[in-house]
Each structure stands twice: as C-alpha cells, then as structure tokens.
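Notes follow once the structure below has been shown.
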Number of protein chains: 2
Amino acid sequence: MKYSKATNYALHTMLFLVAHTPDKPVGVQQLAERQNVSPTYLSKILTKLVKAGLIESASGANGGYRLRRKQEEISFLDIIHAIEGTASLFDCTLDHPSECLIQQEMVKAEGQMEDYLRGKMMSELAEKMRSWH
Amino acid sequence: MKYSKATNYALHTMLFLVAHTPDKPVGVQQLAERQNVSPTYLSKILTKLVKAGLIESASGANGGYRLRRKQEEISFLDIIHAIEGTASLFDCTLDHPSECLIQQEMVKAEGQMEDYLRGKMMSELAEKMRSWH
DNA sequence: CAATCACAGACTTTATTTATCTATAATATA
DNA sequence: TATATTATAGATAAATAAAGTCTGTGATTG
Ligand code: SF4
Ligand code: SF4
C-alpha cells in the first residue's frame with residue numbers, strides 16, 4: 001500500500017501555487033519542470049483538482065492554473081481525496097462485510113489519519129515554507 | 001491506494017486463531033476454506049506472520065498454525081506491518097526529500113493511523129466477536 | 001489568423017498484486 | 001521404517017493498477 005506518485009505531484013503543485021503570487025495563473029509546463037514529470041501527465045492530474053474545485057484553469061495564452069479557494073480553506077485531505085478518491089482503504093472481501101468487525105476498526109483507524117489531514121491546511125505549510133526556503 | 005487482500009486474509013486468519021481453541025494448531029486448509037482463498041496462497045501469507053513471530057507453525061500430521069503470543073499482546077499494527085512492511089506510505093520523489101515539509105506531514109498523518117492500530121488488540125476484537133457470533 | 005494553453009481519450013509501458021504449480025522438508029502415527 | 005500429512009520455497013503465470021505517452025480538439029489571447 002502506497003500513496004500514488006500522482007498524489008505527490010498534486011500536493012507539491014498545490015504547495016507551489018499557494019506559495020506563488022496569487023492571481024497570476026501558472027502554466028503546467030513550469031509546474032512540470034520543477035517536479036521532473038511530463039507536462040501532459042501532470043495536466044491529467046491537475047484536471048482532477050480542477051474538477052474537485054480546488055483550482056481553476058484558463059486556456060489560451062497566459063493561461064494556466066490558479067487557486068480557487070483561499071489557502072486556509074484547502075486541506076491536505078481535499079487534495080488527496082481529489083486524486084485517490086474517497087473510498088475506504090480496506091475492503092473486507094468476505095460475504096458479510098457490512099458488519100465486519102475488522103472492517104470497522106480499519107475504517108476507524110483510517111479516520112484518524114483523515115482527521116489529521118483534514119486539519120492540515122495549505123496555509124500552514126506555506127507559512128513554514130516561507131521561513132525555510 | 002488500498003490495503004492488499006493479503007492483509008485482509010491475514011487479519012481474518014488471526015482473528016480466527018484467536019477465537020479458536022488455543023493450543024490446537026489449525027491447518028491452512030481449514031483457514032483457507034473459510035475465506036475462499038487457495039491454501040497455497042494463504043500459506044505464503046501466513047509464513048510472513050510466522051517470520052514476524054506472531055504465530056508458529058508445525059509441520060506434519062496434525063500440524064498447522066497457532067498463536068505464539070497472548071492475544072492481548074497482538075495488535076492490528078503487528079499484523080499489518082508483517083504483511084505490508086513498515087515503510088512509509090508516502091515517498092517524496094523529489095531530490096531533497098529528507099526535509100520535505102509535505103513528507104513530514106504525511107508521515108505524521110500516517111502515524112495517527114498507526115497509533116490507533118497499535119492500540120487495537122486482537123483480544124478486544126475477540127471479545128466483541130463472542131457477544132455477536 | 002497564429003501562437004499558446006488546457007482537456008479528452010486511446011493507447012503503451014511498467015510495476016504490483018494475486019494466484020498457481022511443483023518440488024522439498026519436517027513430523028506424526030500406523 | 002514407511003506413509004500420509006502438513007508447512008515452506010521458488011519459479012512462474014495471470015490479473016490488476018499505476019505511470020506515462022501520443023494525438024487531436026477546443027478555448028483564449030493578441
Ligand atoms: S470479522 Fe467476523 S463478521 Fe467480519 S467478515 Fe470476519 S468473520 Fe465475518
Ligand atoms: S515540500 Fe518543499 S522541501 Fe519538500 S520536496 Fe517540496 S519543495 Fe522540496
């Protein structure tokens with residue numbers, strides 16, 4: 001079990017957009033270079049973020065991506081859910097999974113992780129960034 | 001990102017071993033039937049649990065698997081780590097991941113889930129089982 | 001109109017997971 | 001001791017998922 005590289009790309013892109021000057025859209029090419037990933041692939045990932053309402057895109061010259069919400073309203077969980085989906089990490093494969101005890105505990109455990117990620121906003125990260133980089 | 005089916009099999013097997021009469025080893029055939037999985041495949045999974053020291057195996061007639069520790073000393077996390085490994089769920093693929101802020105937060109989030117799983121013992125589950133099944 | 005950009009879908013490649021098959025080693029018991 | 005029974009190991013195959021490419025289309029700017 002691993003987070004996908006797509007999630008990694010998405011998180012780093014969001015962090016960059018947050019740290020970057022607001023309002024001016026950033027093209028996928030620039031974003032892709034920083035992460036050593038092909039623009040077309042990154043584009044596919046960012047489209048998911050667009051559909052999730054986290055960023056917005058502008059076609060044409062001087063187009064690109066920019067934040068849609070304020071950075072203090074974007075959580076890690078928002079981004080991760082946009083990429084990985086919201087399904088549970090654990091699926092009881094047996095026939096009566098609706099009341100599966102194991103399943104229940106696994107979901108609770110996952111909930112702990114999600115709670116943390118839900119509370120972790122991009123603004124906080126950007127703050128730390130500024131004092132380091 | 002999903003937990004593997006192997007983890008599911010391992011957890012259910014452990015739960016069965018805990019709920020079952022202690023001391024008498026249980027063969028992989030019996031364990032496999034309950035979960036609709038091939039004995040050889042399950043065997044491979046259980047061997048990981050053996051190597052992790054959670055259960056022990058006995059060859060030959062009347063052989064099989066039995067718990068090695070007391071059930072109140074076996075946590076969900078023990079089982080999951082035995083199957084999935086202990087590596088972090090998130091790998092920053094960029095060049096300076098040692099001090100990656102994103103990585104740090106992801107590891108913390110994962111730690112929340114692990115804390116829950118570390119505290120969840122098989123004995124507690126077996127308890128609930130008894131009052132249901 | 002021409003250049004620039006995002007989007008969509010088909011496709012390929014690579015990696016991982018799941019599962020099978022076969023042969024070997026250990027053990028009980030008849 | 002011989003035989004049946006059971007776990008283990010390793011090679012391999014099949015299925016699934018993730019990662020990445022390619023190409024064409026549509027929107028926007030200037
Ligand atoms: S934990 Fe109990 S209820 Fe859930 S699938 Fe396993 S046996 Fe069934
Ligand atoms: S979060 Fe900052 S330090 Fe970490 S990889 Fe991204 S840019 Fe580098």
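Every chain is numbered from 1 and lettered A, B, ... according to where its sequence line falls, protein lines coming before strand lines. Computed from heavy atoms alone, side chains included, the values below leave out hydrogens, waters and symmetry copies.
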For [X] and [N], what is the distance between atoms [atom1] and [atom2] respectively, to the nearest whole Å?
X: B/K48; N: C/dA19; atom1: NZ; atom2: P; value: 13 Å
X: A/Q30; N: C/dC5; atom1: CD; atom2: C1'; value: 13 Å
X: B/R66; N: D/dT6; atom1: CZ; atom2: P; value: 14 Å
X: B/E56; N: D/dT6; atom1: CD; atom2: C1'; value: 15 Å
X: A/N8; N: D/dG20; atom1: CG; atom2: P; value: 11 Å
X: B/I83; N: C/dT16; atom1: CD1; atom2: P; value: 18 Å
X: B/L42; N: C/dC21; atom1: CG; atom2: P; value: 16 Å
X: B/I45; N: D/dT8; atom1: CD1; atom2: P; value: 13 Å

Please examine the side chains of [Y] and [X], heavy atoms only from C-beta on, and report whether any two atoms are closer than 4.5 Å.
X: A/V28; Y: A/L46; answer: yes
X: B/M14; Y: B/D78; answer: no
X: A/M106; Y: B/L11; answer: yes
X: A/Y3; Y: A/I80; answer: yes

Once you build an axis from the first five pairs and another from the last five of the helix from C/dC1-D/dG30 to C/dA30-D/dT1, how far apart in angle are they, to 10 degrees?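 It comes to 10° between the two terminal axes.
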Give, for atom CE of A/M122 and atom CE of A/M129, the distance between the pair rounded to the nearest 0.5 Å.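 The CE atom of A/M129 is 9.0 Å from CE of A/M122, to the nearest 0.5 Å.
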Kindly compute the distance separating CG (B/L31) from CD1 (B/I45), expressed to the nearest 0.5 Å.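 That separation rounds to 11.5 Å.
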Once base and sugar-phosphate atoms are separated, protein heavy atoms under 4.0 Å mark nucleotides 13-18 of chain D, 5' to 3', with B, S and - as -----S
Produce a footprint string for nucleotides 6-15 of chain C: one letter per nucleotide, 5' end first; B if the base is under 4.0 Å from any protein heavy atom, S if only the sugar-phosphate is, - if neither. SBSBB-----
Closest non-hydrogen atom pair between A/L67 and A/E56, with its separation: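 Taking every non-hydrogen atom into account, O-OE2, 4.2 Å.
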Would you tell me whether A/E110 and B/Y116 have side-chain atoms, one donor and one acceptor, within less than 3.5 Å of each other?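 There is no such pair between these side chains.
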Would you confirm whether [X], through its side chain, and [Y], through its main-chain N or O, come within 3.5 Å as a donor-acceptor pair?
X: B/E84; Y: B/S4; result: yes
X: B/E72; Y: B/M121; result: no
X: A/S43; Y: A/P39; result: no

As a test of reading the structure: which of C/dT20, D/dT29, D/dT21 is closest to the side chain of A/N62, going by heavy atoms?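 The nucleotide sitting nearest to the side chain is D/dT29.
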Looking at B/S38, does any N or O in its side chain come under 4.0 Å of the phosphate oxygens OP1/OP2 on C/dA19?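 No, because none of the side-chain N or O atoms of B/S38 sits under 4.0 Å from OP1 or OP2 of C/dA19.
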Just call it for A/Y3: base, sugar-phosphate, or nothing, with non-hydrogen atoms closer than 4.0 Å on any strand.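 No contact.
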